[in-house]
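This report concerns only the one structure given below.
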Amino acid sequence: MIDYISVFIFFFAVIDPVGTVPVFIAATSQFNEKEKRKIALQAAGAAALILLFFIVAGELILTAIDIPLPAFEIAGGIILFLFALTMIFGDSKPDTEMQLVKDSTETAIFPLAVPSLASPGAMLAAVLLTENSSFSLFQQVQTAGVMLSVLFIAFILMLAASWIHRFIGNSGASIISKVMGMILAAVATNSVLSGIKVYFLL
C-alpha cells in the first residue's frame, strides 16, 4: 500500500488545482456556461492522458536511453525545487499562466491542460512516484488513482470557478500557490537526498 496522504499532497502541490481557477476564468471568459463545462472536461481529460503516459512510459524511455532512475530522481528533484522557488518567489502560477491566455487558441489544451494541470513538475512526479524497482504494479495503479483524484478535484473546481474566484480572489489563489510551493520544495529536497543515497549506495 502507498502512503495515500503524502502522494496526494505531492500531486496536489505540483498540479495545484486551486491555482488553475483564475487561469480557467481568464481563458473561458468569452464562453457560455455549457462551453465552459466542456472545456473543463477536455482540459482535465487531456491532462490525465498526458500524466498517465508518463506513468506508463516515462521510466521505459529513461531505460531506453540508459539513464539510471536515481540520476533522474536527483535531476527531477532539482527541477522540482527550482519550480517550487518560482511558485514561492516569482510570479504565482495564476499570474504567470493567465498571461498565456492572450495568445491561446486551443483553450482546453493550452494553457489549461498544459502547463496549468499537466505541468513539468507533475510529469516528473508521475515518473518518480511510479518507479518500477520501488513500487509494485498495484502500488503504481494506486498512485495513478490518487493522481486522477487530484485532477478530478481540479475539474470540480473549474466547474465552480466563478464562485470560488469571488470567494478567494486572485490574491487568495496566489497565497495558496506559494504555500504549495513550500511543500513542493521540501518534497523536492527529499527526492534529491533519496536519489543520492541510492546512486552512491549510502
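Start at 1 with the first residue, then count along the sequence.
Heavy-atom contacts from other residues, nucleotides or ligands closer than 6.0 Å to CZ of Phe31 number more than 12.
Taking hydrophobic clusters as Ile, Leu, Val, Met, Phe, Trp and Tyr residues chained together by side-chain heavy-atom distances below 4.5 Å, Ile153 shares a cluster with Ile168. Cluster annotation: Leu159 is not connected to Ile25 through the hydrophobic network of ILVMFWY side chains, with a link wherever side-chain heavy atoms come within less than 4.5 Å. Placement of Val192 and Leu201 in two distinct hydrophobic clusters is found when ILVMFWY residues are connected by side-chain heavy-atom separations under 4.5 Å, directly or transitively. The cluster map of Ile, Leu, Val, Met, Phe, Trp and Tyr, joined by side-chain heavy atoms under 4.5 Å apart, puts Phe167 and Met158 in the same cluster. If you chain together hydrophobic residues whose side chains sit under 4.5 Å apart, Val127 and Ile50 fall into the same group.
Looking only at side-chain heavy atoms (C-beta outward), Phe11 and Leu151 stay at 4.5 Å or farther from each other. Looking at Leu157 and Thr20, their side chains never come closer than 4.5 Å, going by heavy atoms from C-beta outward. Here the side chains of Gln140 and Asn132 are in contact, with some heavy-atom distance below 4.5 Å. Side-chain atoms of Phe24 and Lys36, non-hydrogen and from C-beta on, do get closer than 4.5 Å to each other. Residues Leu51 and Ile15 form a side-chain contact, since some pair of their non-hydrogen atoms from C-beta on lies under 4.5 Å apart.
Taking each heavy atom of Ser134 and Gln139 in turn, the nearest pair found is O-OE1, 3.9 Å. Summarising the geometry of Val14 relative to Ala125, their closest heavy-atom pair is CG2-CB, 4.2 Å, with the distance given to 0.1 Å. Nearest heavy atoms, Ile67 versus Ala71: CG2-CB, 4.4 Å. Between Pro70 and Gly195, the shortest heavy-atom contact is CB-O, 3.8 Å. Closest heavy-atom contact between Gly77 and Ala188: O-CB, 3.2 Å. The heavy-atom pair separating Ile109 from Ala46 by the smallest distance is CD1-CB, 3.7 Å.
Taking the six-membered ring for Trp and the full ring otherwise, Tyr4 and Phe8 have centroids separated by 6.0 Å or more.
Taken from CZ in Phe200 to CD1 in Ile74, the straight-line distance is 6.5 Å, to the nearest 0.5 Å. Note that CD1 of Ile5 is 14.0 Å distant from CZ of Phe12, once rounded to the nearest 0.5 Å. Interatomic distance, Leu124 CG to Leu129 CG, rounded to the nearest 0.5 Å: 10.5 Å. Atom OG1 in Thr28 sits 8.0 Å away from atom CD in Glu33 (nearest 0.5 Å). Taking OG of Ser191 as the start and CD1 of Ile78 as the end, the distance is 9.0 Å to the nearest 0.5 Å. To the nearest 0.5 Å, atom CE of residue Met147 and atom CG of residue Leu52 are 4.0 Å apart.
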Glu35 vs Lys38, salt bridge (Lys or Arg N to Asp or Glu O under 4.0 Å): CA-CA, chis, key distance, verdict: CA-CA 5 Å; Glu35 291 171 326; Lys38 180 179 179 181; over 6 Å; no
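Between the side chain of Ser149 and the backbone N or O of Val146 there is at least one donor-acceptor pair closer than 3.5 Å.
Of the N and O atoms on the side chains of Thr143 and Thr130, not one donor lies less than 3.5 Å from an acceptor on the other residue.
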